[in-house]
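One is the number of the first residue; the rest follow in order along the sequence.
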Amino acid sequence: MLNYLWAAMILIGVIWGAFHGTLDDVTESALSGAKEAVSLCITMLGILSLWSGVLKIAERAGLLKKFSRALRPFIRFLFPQVPDDHPACEAMSTNIIANMLGLGWAATPAGLRAMQQLDQLNDKKGTATNAMCTFLILNMSSLQLIPINMIAYRSQYGSVNPAAIVMPALLATAVSTAVGILAAKLLERVWP
């Protein structure tokens, strides 16, 4: 569906440009936009590679296990139906830690692993459990202590102070995470 929407918008833009005699501007904008997208992707690939590597080193050094233990009371509160020693707990902790560092892309593999592990505990295949829904909400709201990706975007586009986003991002993600968790816990009581 989204492909049709994008195709329609591009087609409308080209037709509009041709109709109004500004097809050269449309072409120039498309080419400069493509160039900027490639440049941004290369920059973000470097940042993603760096922080994914740091996350992998932390995992091999045992830091993620230590952080997972520190997060265990929080995980136990949010996911009481998941056993403490289940592999989903470690995958969820890794995802939460990566999101807290603003590494959404690096958090994705751990999030997918966590969902697969949570699905193993699911009695009704094809239906999301409360734990799966709560984790998805937590993942989407993603409390960020250091929004590394946003700082990189701001730096890429010439911001005078790229790190100025830290406090607003922390406040916004703290509120969204709190509201998401509250909503998940309230809805668990309505639809157990």
Side-chain angles (χ1 to χ4, degrees), residues 2 6 32-79 82 88-118 128 131-187:
L2 197 54
W6 282 110
S32 68
K35 178 182 174 186
E36 190 173 318
V38 169
S39 174
L40 180 63
C41 285
I42 290 170
T43 300
M44 295 312 293
L45 178 65
I47 292 166
L48 173 65
S49 299
L50 170 72
W51 287 106
S52 293
V54 167
L55 204 58
K56 193 56 138 174
I57 291 169
E59 181 181 3
R60 288 189 180 165
L63 289 174
L64 288 182
K65 284 193 184 284
K66 288 181 182 180
F67 287 137
S68 293
R69 273 188 243 123
L71 285 175
R72 191 167 287 154
F74 179 70
I75 297 289
R76 197 174 301 129
F77 167 74
L78 286 179
F79 308 99
V82 178
C89 292
E90 189 173 332
M92 287 188 291
S93 295
T94 302
N95 177 272
I96 291 167
I97 291 164
N99 275 326
M100 288 174 100
L101 295 173
L103 305 172
W105 294 345
T108 301
L112 293 172
R113 216 172 31 250
M115 279 298 200
Q116 289 170 342
Q117 297 293 334
L118 288 172
M132 293 168 88
C133 292
T134 302
F135 177 68
L136 184 61
I137 290 168
L138 189 63
N139 184 45
M140 287 189 310
S141 66
S142 83
L143 175 65
Q144 292 189 10
L145 301 177
I146 307 167
I148 291 171
N149 287 339
M150 287 307 279
I151 292 170
Y153 287 136
R154 289 171 53 86
S155 177
Q156 172 80 16
Y157 290 107
S159 174
V160 176
N161 186 3
I165 193 75
V166 171
M167 192 51 69
L170 177 61
L171 182 62
T173 58
V175 169
S176 69
T177 300
V179 169
I181 290 171
L182 181 65
K185 288 300 177 184
L186 289 174
L187 289 173

- Message: By the definition side chain to side chain contact (heavy atoms under 4.5 Å, CB included), identify the one residue from L78, L143, L71 that meets it with I96.
- Response: L71
- Which heavy-atom pair separates F79 from A131 by the least distance, and what is that distance? CE2-O, 3.3 Å
- M150 atom CE, neighbour heavy-atom count above 12 within 6.0 Å: no
- Does a side chain donor of either S141 or T177 reach within less than 3.5 Å of an acceptor in the other side chain? yes
- Which atom of C89 lies closest to which atom of V82, heavy atoms considered: SG-CG1, 3.7 Å
- Task: Begin from the C-alpha positions of L136 and M140 and carry the test side chain to side chain contact (heavy atoms under 4.5 Å, CB included) through to its verdict.
- Result: CA-CA 6 Å; L136 184 61; M140 287 189 310; 4.2 Å; yes
- Would I97 and L64 satisfy side chain to side chain contact (heavy atoms under 4.5 Å, CB included), going step by step from the backbone distance to the final call? CA-CA 8 Å; I97 291 164; L64 288 182; 4.1 Å; yes
- Message: The test is side chain to side chain contact (heavy atoms under 4.5 Å, CB included); show your working for Y157 and E36 and say whether it passes.
- Response: CA-CA 10 Å; Y157 290 107; E36 190 173 318; 3.1 Å; yes
- Task: Spell out, as yes or no, whether a donor-acceptor pair under 3.5 Å connects the side chain of S155 to the backbone of I151.
- Result: no
- Query: Counting only N and O atoms by type, is there a donor-acceptor contact under 3.5 Å from the side chain of R154 to the main-chain atoms of A163?
  - Reply: no
- Note on the structure: One should read off an interatomic distance between C133 SG and L138 CG, to the nearest 0.5 angstrom, of 12.5 Å
- Note on the structure: Nearest heavy-atom contact between T94 and A110 is CG2-CB, 3.8 Å
- Which pair of non-hydrogen atoms, one from R69 and one from P73, has the smallest distance, and what is that distance? O-CD, 3.8 Å
- Message: Can you tell me if Y153 has over 12 outside heavy atoms packed within less than 6.0 Å of its OH?
- Response: yes
- Got a sec: does the NZ of K185 have more than 12 other heavy atoms crowding it under 6.0 Å? yes
- Query: To the nearest 0.5 Å, how far apart are CD1 in I137 and CD1 in I181?
  - Reply: 9.0 Å
- Task: Give, for atom OG of S93 and atom CE of M100, the distance between the pair rounded to the nearest 0.5 Å.
- Result: 10.5 Å
- Would you give the length of the straight line joining atom CD1 of I146 to atom CD1 of I165, rounded to the nearest 0.5 angstrom? 14.0 Å
- Item | Partners passing side-chain hydrogen bond (donor to acceptor under 3.5 Å, both in side chains) against K65 (at least two apart in sequence or in another chain) | E90
- Task: Evaluate side chain to side chain contact (heavy atoms under 4.5 Å, CB included) for T173 paired with N99, printing each intermediate quantity in order.
- Result: CA-CA 10 Å; T173 58; N99 275 326; over 6 Å; no
- Item | Distance, nearest 0.5 Å, that separates OG1 of T108 from CG of N139 | 7.0 Å
